[in-house]
Undergrad: 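Sharing a structure here in structure tokens format.
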4 protein chains.
Amino acid sequence: MPKVTVEHRAARHDQIVAAARRCAIEQGFHKTTMADVIRESGLSAGAVYGYFKSKDELVAAIADQALSTVDKLFEGILATDQPLTPVAALEATLEHVVQIAEQPGGDVTRVALQAWAEAMHNDAIAGIAREKYTLLRRKFVAVAERGQADGTIDADTDPEYIGQVLFALIPGFLLQRLLLGDVSPRSFSIGLSALLK
Amino acid sequence: MPKVTVEHRAARHDQIVAAARRCAIEQGFHKTTMADVIRESGLSAGAVYGYFKSKDELVAAIADQALSTVDKLFEGILATDQPLTPVAALEATLEHVVQIAEQPGGDVTRVALQAWAEAMHNDAIAGIAREKYTLLRRKFVAVAERGQADGTIDADTDPEYIGQVLFALIPGFLLQRLLLGDVSPRSFSIGLSALLK
Amino acid sequence: MPKVTVEHRAARHDQIVAAARRCAIEQGFHKTTMADVIRESGLSAGAVYGYFKSKDELVAAIADQALSTVDKLFEGILATDQPLTPVAALEATLEHVVQIAEQPGGDVTRVALQAWAEAMHNDAIAGIAREKYTLLRRKFVAVAERGQADGTIDADTDPEYIGQVLFALIPGFLLQRLLLGDVSPRSFSIGLSALLK
Amino acid sequence: MPKVTVEHRAARHDQIVAAARRCAIEQGFHKTTMADVIRESGLSAGAVYGYFKSKDELVAAIADQALSTVDKLFEGILATDQPLTPVAALEATLEHVVQIAEQPGGDVTRVALQAWAEAMHNDAIAGIAREKYTLLRRKFVAVAERGQADGTIDADTDPEYIGQVLFALIPGFLLQRLLLGDVSPRSFSIGLSALLK
DNA sequence: GATGAATGAGTTTTCATTCAT
DNA sequence: GATGAATGAAAACTCATTCAT
């Protein structure tokens with residue numbers, strides 16, 4: 001009965017990650033104890049350790065999940081054959097970010113923030129962050145290149161630089177959203193539009 | 001050692017914060033133990049606890065210090081009577097950020113990142129972050145207003161929105177600098193210029 | 001070791017209390033460290049803290065146990081339907097006190113003495129002491145009332161007062177026994193008899 | 001200038017003991033820290049340690065003082081040539097106890113209670129307690145002997161036993177006073193009188 | 001496989017005492 | 001002598017992890 005077991009295992013795995021994520025959203029990675037996760041997941045200590053060899057591994061899994069949130073963007077709004085202006089690309093991305101943040105189960109972007117901090121001294125998490133964010137930024141480089149191709153963006157500038165700036169607006173939005181709480185995809189796209197005029 | 005001057009106390013205080021900061025830069029707030037700080041500071045446990053009642057209080061002090069790093073901007077580049085374009089304001093700010101990051105004693109911006117994460121579940125730190133960042137963002141709102149006044153920026157847009165976008169570039173820069181390591185104030189100002197053209 | 005019975009838990013609980021009591025008898029509540037209790041109990045730190053959230057809670061448990069020693073009196077000598085004279089009631093009680101004090105495992109009355117001191121600034125312990133001693137004193141009030149009923153004690157006196165006096169002899173005996181070591185239930189009953197003659 | 005210094009030293013000594021006693025009344029010997037005593041005394045750490053080599057020595061001094069409270073009885077009510085009945089001796093003693101307890105500066109009898117507990121594992125304090133209480137009890141033995149001499153007490157009983165019983169009423173009173181708070185010298189003398197009738 | 005009680009190294013914190021000024 | 005900052009050993013307590021049942 002391998003299939004059943006595999007599915008069962010996957011379900012358990014997700015159950016633990018979800019529980020751990022809920023804890024991390026509330027209290028952060030470090031104030032969250034394994035006992036918290038065990039309680040929240042409704043499983044036993046032994047069960048949890050059957051899926052994650054250590055707390056570090058579990059933390060990495062939650063961080064990974066939070067950072068991998070951007071993956072869905074690639075299959076959606078930023079799929080390469082759509083001709084997007086910088087403003088449109090940004091607004092679509094921020095709307096996606098907000099949608100993810102508002103999903104039931106708690107605001108994952110808070111976990112992403114933690115993952116950034118963790119990446120400073122955790123190579124596994126740093127690697128994931130680097131990978132995901134390099135990929136996402138590349139999409140904005142592509143947006144810049146397209147703009148240069150159709151003449152709406154100065155063609156003499158390294159599109160990489162333009163991508164850096166456009167990409168920067170995402171963590172910049174996220175931080176303001178979590179810390180100050182007074183930004184929205186709309187306010188950002190309006191603000192950016194005004195600058196580009 | 002009685003009759004100690006206020007300066008002496010302040011010096012000791014800073015000595016401890018500096019030691020703690022070095023630890024936090026290396027390992028983060030939470031992997032840093034009080035024993036680490038005590039060893040690094042060259043003081044005794046009792047001495048450290050004479051200045052900070054708990055680890056939490058010490059963490060708050062380091063976070064505060066890291067976030068207060070932006071204060072110097074106000075007395076410098078962003079002093080209100082200089083007519084700065086958005087690009088100039090951004091570049092000056094980012095250069096200041098890099099300069100701070102490269103100061104001997106370790107990259108404080110890594111601590112700022114931790115402070116963001118901590119702010120998610122620590123009201124004291126959240127309060128400081130909110131205060132500092134609101135103030136800094138206001139400077140960029142002022143830059144936008146000046147641009148609107150002299151006709152270089154669309155006057156019909158809420159300058160608050162423009163300030164949000166410009167301010168967003170700072171954490172966006174910082175994160176890319178720490179995570180991807182391939183950005184610079186120059187690349188950012190070039191990228192932003194290209195968009196504004 | 002999962003699926004542990006309630007009896008097992010109770011046994012562990014008692015094992016810890018017994019160890020702590022032995023320590024408290026030797027060195028008092030305060031000179032006894034958790035490390036002492038842990039060593040004496042043969043368990044680990046974590047195990048002990050699994051049963052008692054703090055040292056204070058453990059101290060309260062030992063104090064409670066020591067004060068609850070008098071409970072057995074109620075089911076024995078002082079059971080209400082036996083017609084006891086004051087002298088008989090006292091002697092029976094003191095004999096019980098001595099018997100308890102001489103039980104293997106150490107003299108619990110030494111712990112009771114500590115509990116009195118502790119009750120001065122520990123409301124939980126004060127509450128228990130008040131409860132137990134009020135109940136015990138009531139038995140002596142009953143003895144007085146019986147004496148008044150059968151004419152052996154002056155009927156015009158508030159039996160409460162007589163109970164106070166009779167009850168006082170118990171801590172008075174205990175203290176002399178522990179401090180001076182030259183009293184016995186016999187010497188007390190002889191002394192009281194002489195006064196009553 | 002030895003006399004001035006000696007008096008000054010004595011004053012300082014008492015100032016420290018008084019401060020320590022106030023602390024001990026509030027929180028007990030063990031919860032009282034040297035820092036508490038230092039603060040309460042208004043002196044410096046060094047000064048306090050100039051008078052008492054260690055906390056143990058200071059505790060012994062407070063305990064001694066609290067136990068020595070009974071000394072005044074000998075010069076007063078129990079002075080040997082007064083012909084006292086047991087009831088009169090008891091009431092006078094209890095009145096003295098209450099008067100001492102109600103003196104400004106806090107209820108010293110609470111400290112005496114602590115001293116009893118401490119005596120269980122502190123030989124110095126045990127010695128003092130033994131000495132003082134032996135002496136006090138002897139007074140009650142004398143009262144018994146006088147009663148035997150004038151025929152009011154059975155002459156065939158060892159007066160030592162009678163003294164034990166009478167003396168027992170003092171700690172028994174004290175404990176009820178501190179723990180239950182519903183006894184008085186009057187209620188005790190009435191209760192004892194009733195029994196002796 | 002699952003359980004969860006038990007482990008014990010490691011952490012934070014306290015506090016009696018000292019000693020440089 | 002007096003001061004009180006500093007000391008550091010020792011205390012209370014935590015928590016990731018294991019393993020007997």
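So that the names make sense, note that chain A is the first sequence line, chain B the second, and so on, each numbered from 1.
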Undergrad: Using 0.5 Å steps for rounding, measure from the CG atom of B:Asp64 to the OG1 atom of B:Thr69.
TA: 10.0 Å

Undergrad: Strictly by Watson-Crick or wobble contacts shorter than 3.5 Å, is anything paired with E:dA20, and which nucleotide is it?
TA: F:dT3

Undergrad: With both distances kept under 3.5 Å, what pairs with F:dC15, Watson-Crick or G-U wobble?
TA: E:dG8

Undergrad: Tell me the closest heavy-atom pair linking A:Gly105 and A:Ile25, and the distance in Å.
TA: O-CD1, 3.7 Å

Undergrad: Are a donor atom and an acceptor atom from the side chains of A:Glu118 and B:His30 found within less than 3.5 Å of each other?
TA: no

Undergrad: State the CD-OH distance between D:Glu57 and D:Tyr51, to the nearest 0.5 angstrom.
TA: 13.5 Å

Undergrad: Would you kindly give the NE2-to-P distance between B:His8 and E:dA20, to the nearest whole Å?
TA: 14 Å

Undergrad: Take the protein atom CD1 of D:Ile16 and the nucleotide atom C1' of F:dA2, then report the distance between them rounded to whole Å.
TA: 12 Å

Undergrad: Kindly state which residues belonging to residues 26-51 of chain A come within less than 4.0 angstrom of DNA chain E, counting heavy atoms of the residue only, listed by number.
TA: A:Ser44, A:Ala45, A:Gly46, A:Ala47

Undergrad: About how many Å separate CZ of D:Arg21 and CG of D:Asp14, when rounded to the nearest 0.5 Å?
TA: 9.0 Å

Undergrad: Check this one for me: any side-chain N or O of C:Arg12 less than 4.0 Å away from OP1 or OP2 of E:dA6?
TA: yes

Undergrad: Roughly how many Å is it from CD in A:Glu57 to C1' in F:dT17, rounded to a whole number?
TA: 13 Å

Undergrad: Within this structure, what is the CG-to-C1' distance between D:Leu58 and E:dT17, rounded to whole angstrom?
TA: 13 Å

Undergrad: Rounded to whole Å, how long is the line connecting atom NZ of A:Lys55 with atom P of F:dT14?
TA: 15 Å

Undergrad: To the nearest Å, give me how far apart CZ (B:Phe52) and P (E:dT11) are.
TA: 21 Å

Undergrad: If you measure from CZ on C:Phe29 to CD1 on C:Ile62, what distance do you get to the nearest 0.5 Å?
TA: 5.5 Å

